[in-house]
Amino acid sequence: MDSLIRQIVDAHLGIRPQVRTTPLELSAPLSLMNGCEVFLKCEHVQHTGSFKYRGAVNKVRLLSNEERENGVITASTGNHGQALALAARAFGVPVTVFAPTTAAKVKLDAIRTFGAQVELVEGGALEAEKAAAERAAAQNTLFISPYNDLDIIAGQGTVGAELAEQAPDLDAVFVAVGGGGLISGVGSIVKKMSPKTQIIGCWPENSPAMYASLQAGEIVDAPEFDTLSDGTAGGIEPGSITFPLCQQLIDRCVLVSELEIRRAMRLLADTDRWMVEGAAGVALAAALRLMPEFKGRRIAVVLCGRNIVLDKYLQAISEA
C-alpha cells in the first residue's frame, strides 16, 4: 500500500499539465435538500470527459522508448480507450483498442478520431480484455489493462489526492466501481491523508461484478444485465490487483437500481445543470440513498464521466 501511495504522489506531480485539476464544487441545492454538505468532484470536465485520462497519461509517460515504438494494446467500452488514444497520441505511440460490439458508436468514433485502431469483439468487456491480452502476447506488445495496472491505478488515484487537498475533512467519498481502478487509487490516498473518511463503493444492481466478488471473498463471475452504467459494466479479470485493494479500502457497499440511476441523473441536471453518464449517476444515487445518515456532515460524490449519447441521456431522464 505504501508503494502505491508513493506512485500516486509521483503521478500527482508527473501528469501535469496534461491533466486538469478538476473542481470540487459544493452543490448548494443538494446540500439544502439533504441537510449535509454535498461536494461534487467534477471528473466529467476532465479531458475526454472522464477520469480515465489520468491513468492513461500516467501510464504512457512511464513507458520505455521500446514500448512506445512497439505501440500498445488495450480493451475498453469507450472511456479508457478514448483516454489512452489521446494520451498516446501526444507521445507518438500507436494504440489498438479492443472493444465489445455493444460499445456505444459515439465512443468508438471518438477513439478513432484520436488516432487509435479499433477492433470489435463479440461479447462483453471481459471478452474484449481477454482478446486484447491474447493479441498482445502473440505480438509481444504491451497490453494495458483499464484497471489491473498499478500505473493506471496511481493515475486514477490523483482524483483522491486532489480531494484530500480540496476538502481535507470529508466524512465520506462515493465512487462508482467497475474494475476497481478508480476506487483503489482514490481509497488508497484518501485513507492515508484522512483516515476518518469512509470510502463507499457504488454499483448498479444489474452489473455488480466486484461487489459479488467481495461478497464471495474471491473473484467470481456475476450475472450481467443491461445497465445505464456502461462505464462500470463487465466482469473482473482473474487475478486482478484491484480485488485485494478493494477488500482493504472499501468501507461500505451500495447497490442501486436503474430507476435510482436515472433519477439521480435527472436530479443533477435540475439542481446543478450537469449532464453526466450512468456511472456518475450510480455514485450520486448511492449518495442520495445514504444522505440521511450524513446529516450535518460533509460528503463528496465523484462524477466520473459525461460520455453518454444524447438520445440515451434524454430517454433516461424522461423515464426517471
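Remember, it's a predicted structure, so these values are computed and weren't measured experimentally.
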Visitor: Compare every heavy atom of Ala132 with every heavy atom of Ala75, then report the nearest pair and how far apart it is.
Guide: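 Looking at all heavy atoms of both residues, the shortest contact is CB-CB, 4.0 Å.
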Visitor: Looking only at atom types and distance, does a side-chain atom of Lys295 sit under 3.5 Å from a main-chain N or O of Cys36, one as donor and one as acceptor?
Guide: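 It does not hold such a pair.
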Visitor: What are the two closest non-hydrogen atoms of Arg54 and Val19, and how far apart are they?
Guide: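 For Arg54 and Val19, the tightest heavy-atom pair comes out as CG-CG1, 3.7 Å.
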Visitor: Could you tell me the separation between the CD atom of Glu129 and the CD atom of Glu237, rounded to the nearest 0.5 Å?
Guide: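 Separation between the atoms: 5.5 Å.
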Visitor: Just so I know, are the side chains of Leu142 and Ile73 near enough to count as touching, which here means a heavy-atom distance under 4.5 Å?
Guide: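 No. Closest side-chain heavy atoms not under 4.5 Å.
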Visitor: Heavy-atom distance under 4.5 Å between the side chains of Cys42 and Leu24, does that happen here?
Guide: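 Of all side-chain heavy-atom pairs linking Leu24 with Cys42, none is under 4.5 Å.
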Visitor: Taking NZ, NE, NH1 and NH2 as the nitrogens, is one of them in Arg61 or Asp10 under 4.0 Å from a carboxylate oxygen of the other?
Guide: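 Salt bridge: yes.
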Visitor: Inspect the surroundings of CG in Asp169 and state if more than 12 heavy atoms from other residues, nucleotides or ligands are less than 6.0 Å away.
Guide: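 It does: Asp169 CG has more than 12 such atoms within range.
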Visitor: Which heavy atom of His47 sits nearest a heavy atom of Gln18, and at what distance?
Guide: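 Heavy-atom minimum between the residues: CD2-O, 3.1 Å.
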Visitor: May I ask you to decide if Asp230's main-chain N or O and Thr227's side chain share a donor-acceptor pair within less than 3.5 Å?
Guide: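 Not confirmed, Thr227 side chain does not pair with Asp230 backbone.
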Visitor: Do other residues, nucleotides or ligands put more than 12 heavy atoms under 6.0 Å from the CG atom of Asp226?
Guide: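 Open: at most 12 neighbouring heavy atoms sit under 6.0 Å from CG of Asp226.
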Visitor: Side-chain heavy atoms under 4.5 angstrom apart, residues restricted to Ile, Leu, Val, Met, Phe, Trp, Tyr: same cluster for Leu255 and Ile200?
Guide: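 Hydrophobic grouping puts Leu255 apart from Ile200.
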Visitor: Go through it in stages, so that I can follow the logic: the residues are Asp251 and Lys191, the test is salt bridge (Lys or Arg N to Asp or Glu O under 4.0 Å), and I'd like the CA-CA distance, side-chain angles, deciding distance and then a yes or no.
Guide: CA-CA 11 Å; Asp251 296 301; Lys191 284 288 189 185; 2.5 Å; yes
Visitor: Between Gln139 and Asn70, do the side chains contain a donor N or O and an acceptor N or O under 3.5 Å apart?
Guide: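 Per modelled atom types, Asn70 and Gln139 side chains form no pair under 3.5 Å.
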Visitor: Given salt bridge (Lys or Arg N to Asp or Glu O under 4.0 Å), test Arg16 with Glu162 step by step and report yes or no.
Guide: CA-CA 13 Å; Arg16 318 298 174 179; Glu162 289 175 18; 2.8 Å; yes
Visitor: Do Gln166 and Lys41 get their side chains close enough for a donor-acceptor pair, meaning under 3.5 Å?
Guide: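 Indeed, the side chains of Gln166 and Lys41 share at least one donor-acceptor pair under 3.5 Å.
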Visitor: Do Glu37 and Arg297 pass the salt bridge (Lys or Arg N to Asp or Glu O under 4.0 Å) test, and can you show the C-alpha distance, the side-chain angles, and the key distance before you say yes or no?
Guide: CA-CA 6 Å; Glu37 288 187 273; Arg297 301 165 76 186; over 6 Å; no
Visitor: Would you mind reporting whether Pro204 and Val282 have side-chain heavy atoms less than 4.5 Å apart?
Guide: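 They are in side-chain contact.
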Visitor: Can you name the nearest heavy-atom pair linking Phe243 to Gly217, along with the distance?
Guide: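 In this case the closest contact between Phe243 and Gly217 is CZ-C, 3.6 Å.
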Visitor: So does Leu228 get a backbone contact from the side chain of Glu258, meaning a donor-acceptor N/O pair under 3.5 Å?
Guide: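 Yes.
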Visitor: Apply side-chain contact (heavy atoms from CB on, under 4.5 Å) to Leu268 and Leu303, showing your working.
Guide: CA-CA 10 Å; Leu268 186 66; Leu303 300 180; 3.9 Å; yes
Visitor: How about Arg262: does its CZ atom have over 12 heavy atoms from other parts shown lying under 6.0 Å from it?
Guide: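 Yes, enclosed.
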Visitor: Is a donor on one side and an acceptor on the other found under 3.5 Å between the side chain of Asp149 and the backbone of Asp151?
Guide: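 Yes.
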Visitor: Counting only N and O atoms by type, is there a donor-acceptor contact under 3.5 Å from the side chain of Asp171 to the main-chain atoms of Arg298?
Guide: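 Yes: the side chain of Asp171 pairs with the backbone of Arg298.
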Visitor: Between Thr197 and Leu170 (side chain of the first, backbone of the second, donor and acceptor by atom type, cut-off under 3.5 Å), is there such a pair?
Guide: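 Between the backbone of Leu170 and the side chain of Thr197 there is a qualifying donor-acceptor contact (under 3.5 Å).
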Visitor: Considering all heavy atoms of both residues, which atom of Ala286 and which atom of Val254 are nearest to each other, and what is their separation?
Guide: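 Heavy atoms only, the tightest pair is CB-CG1, 3.7 Å.
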Visitor: Would you please test Asn58 and Gln7 for side-chain contact (heavy atoms from CB on, under 4.5 Å) and show each step?
Guide: CA-CA 10 Å; Asn58 193 50; Gln7 287 179 263; over 6 Å; no
Visitor: Do Glu127 side-chain atoms and Gly124 backbone N/O form a donor-acceptor pair below 3.5 Å?
Guide: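 Looks like yes, one N/O pair under 3.5 Å.
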Visitor: Less than 4.5 Å apart, side chain to side chain, heavy atoms only: is that true for Arg306 and Gln46?
Guide: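 Contact flag for Arg306/Gln46 side chains = no.
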Visitor: More than 12 non-hydrogen atoms from neighbouring residues, nucleotides or ligands closer than 6.0 Å to NZ on Lys312, yes or no?
Guide: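 Buried by this count: over 12 neighbours within 6.0 Å.
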Visitor: Out of curiosity, does Phe294 fall in the hydrophobic cluster containing Phe39 (side-chain heavy atoms, cut-off under 4.5 Å, transitive links)?
Guide: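 No.
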Visitor: Would you say Leu84 and Val72 make side-chain contact, with heavy atoms under 4.5 Å?
Guide: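 Result yes, sub-4.5 Å side-chain heavy-atom pair found.
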Visitor: Within the side chain of Gln82, is there an N or O that forms a donor-acceptor pair under 3.5 Å with the backbone of Ile111?
Guide: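 No, Gln82 side chain to Ile111 backbone: no donor-acceptor pair under 3.5 Å.
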Visitor: Where do Ile152 and His80 land on the side-chain contact (heavy atoms from CB on, under 4.5 Å) test, with the steps shown first?
Guide: CA-CA 10 Å; Ile152 294 288; His80 171 71; 4.1 Å; yes
Visitor: Decide side-chain contact (heavy atoms from CB on, under 4.5 Å) for Arg89 and Val95; before the verdict, give the C-alpha distance in whole Å, the side-chain angles of both, and the deciding distance to 0.1 Å.
Guide: CA-CA 8 Å; Arg89 186 174 71 174; Val95 178; over 6 Å; no
Visitor: Measuring only between side-chain heavy atoms, which start at C-beta, is Cys202 closer than 4.5 Å to Val175?
Guide: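 They are not in contact (no side-chain heavy atoms under 4.5 Å apart), so the answer is no.
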Visitor: Under 4.5 Å between side-chain heavy atoms, counting indirect links through other Ile/Leu/Val/Met/Phe/Trp/Tyr residues: same cluster for Val106 and Val97 or not?
Guide: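 No, it is not one cluster - the side chains of Val106 and Val97 are not joined through contacts under 4.5 Å.
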Visitor: Backbone N or O of Glu260 within a donor-acceptor pair of the Ser257 side chain at under 3.5 Å?
Guide: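 It does hold such a pair.
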Visitor: Are His12 and Ile189 side-chain neighbours, meaning at least one heavy-atom pair lies under 4.5 Å?
Guide: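 Result no, sub-4.5 Å side-chain heavy-atom pair not found.
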Visitor: Could you tell me the separation between the CG atom of Leu182 and the CD atom of Glu43, rounded to the nearest 0.5 Å?
Guide: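 That separation rounds to 7.5 Å.
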Visitor: Decide salt bridge (Lys or Arg N to Asp or Glu O under 4.0 Å) for Asp109 and Lys105; before the verdict, give the C-alpha distance in whole Å, the side-chain angles of both, and the deciding distance to 0.1 Å.
Guide: CA-CA 6 Å; Asp109 288 344; Lys105 182 178 182 298; 2.7 Å; yes
Visitor: Considering only NZ, NE, NH1 and NH2 on the basic side and carboxylate oxygens on the acidic side, decide whether Glu67 and Lys59 come within less than 4.0 Å.
Guide: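 The answer is no: the pair does not qualify as a salt bridge.
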Visitor: Checking side-chain polar atoms at under 3.5 Å, does Ser50 have a donor or acceptor matched by the opposite partner on Thr48?
Guide: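 There is no such pair between these side chains.
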Visitor: Can you tell me if Ser145 uses its side chain to pair, donor with acceptor, with the backbone of Tyr147 under 3.5 Å?
Guide: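 Here the side-chain-to-backbone pair exists.
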Visitor: Using every non-hydrogen atom in the two residues, find where Tyr53 and Ala87 come nearest and quote the distance to one decimal.
Guide: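 Scanning both residues completely, I find the closest heavy atoms to be CE1-N, 3.9 Å.
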